[in-house]
Amino acid sequence: MTDTRSQSTYQVRLGWGEKALTQLASSGIVVVIDVFGSAEKLAADAAALPKKPTVFIGNLRNASATAQAVFDEQIARGGRTAINLVLAGDDGFFAVEDYLAAGAIADGLSARGLDHSAPDVAVATEGFRPLKRALKHLLSASASGLALAEAGRRDEIKDAAALDAETDPIRVIIAEED
């Protein structure tokens, strides 16, 4: 019996944290989504999966660029490719900012015709669309944003909320060992 949490019948899927790397059905593309933190370990773990997927790191600042890079990767592969969106979270907790970034990236994928999405992705997308004008407020009011503000790092919140401020995607390249 297939694990229903694998979302294997959908092209675009969404999961949270390290567990999503193995719980979601295998895919050719993984987008690790992290707005405030450091996603390097999760991204490296994604790149080390048995099927060696192409891995991107997405956030609000590069949402459209990431969606375009995923679309281009699918075209380069010459066929429909499964895409796993994996939210990094905040020290093991759900992070609303990562969920909004997943919605932004999924919205970009949908605009490019990649819209056979799991319900989890649809909820993130439809949550993002009406809230995109409130990103700065939502990020500053989130648990992660409040922690950053308390640490005197308010500028990072404003910077992270700048939707599509970057035009280059972040592709994870893992060096081959000799």
Side-chain angles (χ1 to χ4, degrees), residues 12-24 29-49 53-70 73 83-111 117-118 120-175:
V12 185
R13 311 158 184 154
L14 185 130
W16 175 63
E18 189 77 33
K19 189 172 186 172
L21 294 179
T22 56
Q23 190 172 50
L24 293 173
I29 300 171
V30 174
V31 180
V32 173
I33 300 170
D34 193 19
V35 171
F36 287 137
S38 174
E40 286 80 17
K41 181 185 180 322
L42 187 59
D45 290 347
L49 288 169
T54 300
V55 179
F56 297 97
I57 298 176
N59 53 53
L60 290 166
R61 293 182 57 80
N62 72 356
S64 290
T66 300
Q68 185 64 49
V70 168
E73 179 66 18
I83 303 155
N84 288 349
L85 305 178
V86 178
L87 283 67
D90 178 24
D91 291 329
F93 294 97
F94 175 84
V96 69
E97 62 274 5
D98 292 349
Y99 203 69
L100 287 165
I105 292 166
D107 188 42
L109 293 173
S110 179
S117 299
D120 307 60
V121 178
V123 170
T125 304
E126 292 306 320
F128 162 75
R129 286 176 179 160
L131 296 172
K132 67 178 157 183
R133 290 181 48 198
L135 291 175
K136 184 178 173 190
H137 166 71
L138 292 168
L139 268 60
S140 65
S142 73
S144 302
L146 292 171
L148 285 172
E150 190 174 288
R153 297 167 52 191
R154 289 183 193 275
D155 289 345
E156 290 179 40
I157 300 166
K158 182 179 178 183
D159 189 50
L163 184 63
D164 293 330
E166 296 175 10
T167 58
D168 293 323
I170 301 169
R171 184 173 180 158
V172 176
I173 306 294
I174 302 297

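Minimum interatomic distance between Ala106 and Thr125 (heavy atoms only, all atoms of both residues): CB-OG1, 3.1 Å. Of all heavy-atom pairs between Ser142 and Phe36, the closest is OG-CE1, 4.1 Å. Residues Glu18 and Leu42 come closest through the heavy atom pair OE1-CD1, 3.4 Å. Looking at every heavy atom in both residues, Lys132 comes nearest to Leu135 through O-CG, 3.2 Å. Looking at every heavy atom in both residues, Ala118 comes nearest to Arg13 through CB-CA, 4.3 Å. Taking every heavy atom of both residues into account, Ala160 and Val35 meet most closely at CB-CG1, 3.7 Å.
For the side chain to side chain contact (heavy atoms under 4.5 Å, CB included) with Asp98, the lone residue among Leu87, Val32, Asn59, Asp90 that qualifies is Leu87. Of the candidates Asn62, Ile29, Val172, Ile33, Phe56 forms a side chain to side chain contact (heavy atoms under 4.5 Å, CB included) with just one, namely Ile29. Paired with Val30 under the rule side chain to side chain contact (heavy atoms under 4.5 Å, CB included), one option of Val70, Leu85, Val86 passes, and it is Val86.
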Show your working on side-chain contact (heavy atoms from CB on, under 4.5 Å) between Thr54 and Arg171 and close with a plain yes or no. CA-CA 8 Å; Thr54 300; Arg171 184 173 180 158; 3.4 Å; yes
side-chain contact (heavy atoms from CB on, under 4.5 Å) between Ile157 and Arg153: does it pass, once the steps are laid out? CA-CA 7 Å; Ile157 300 166; Arg153 297 167 52 191; over 6 Å; no
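Interatomic distance, CD of Glu126 versus CG of Leu131, reported as 11.0 Å (0.5 Å rounding). Residue Arg154 holds its CZ atom at 8.0 Å from OG of Ser140, rounded to the nearest 0.5 Å. Considering CD1 of Ile57 and CD of Glu40, their distance stands at 5.5 Å, rounded to 0.5 Å.
For Arg129, the CZ atom sits in a packed shell: over 12 heavy atoms of surrounding residues, nucleotides or ligands are nearer than 6.0 Å.
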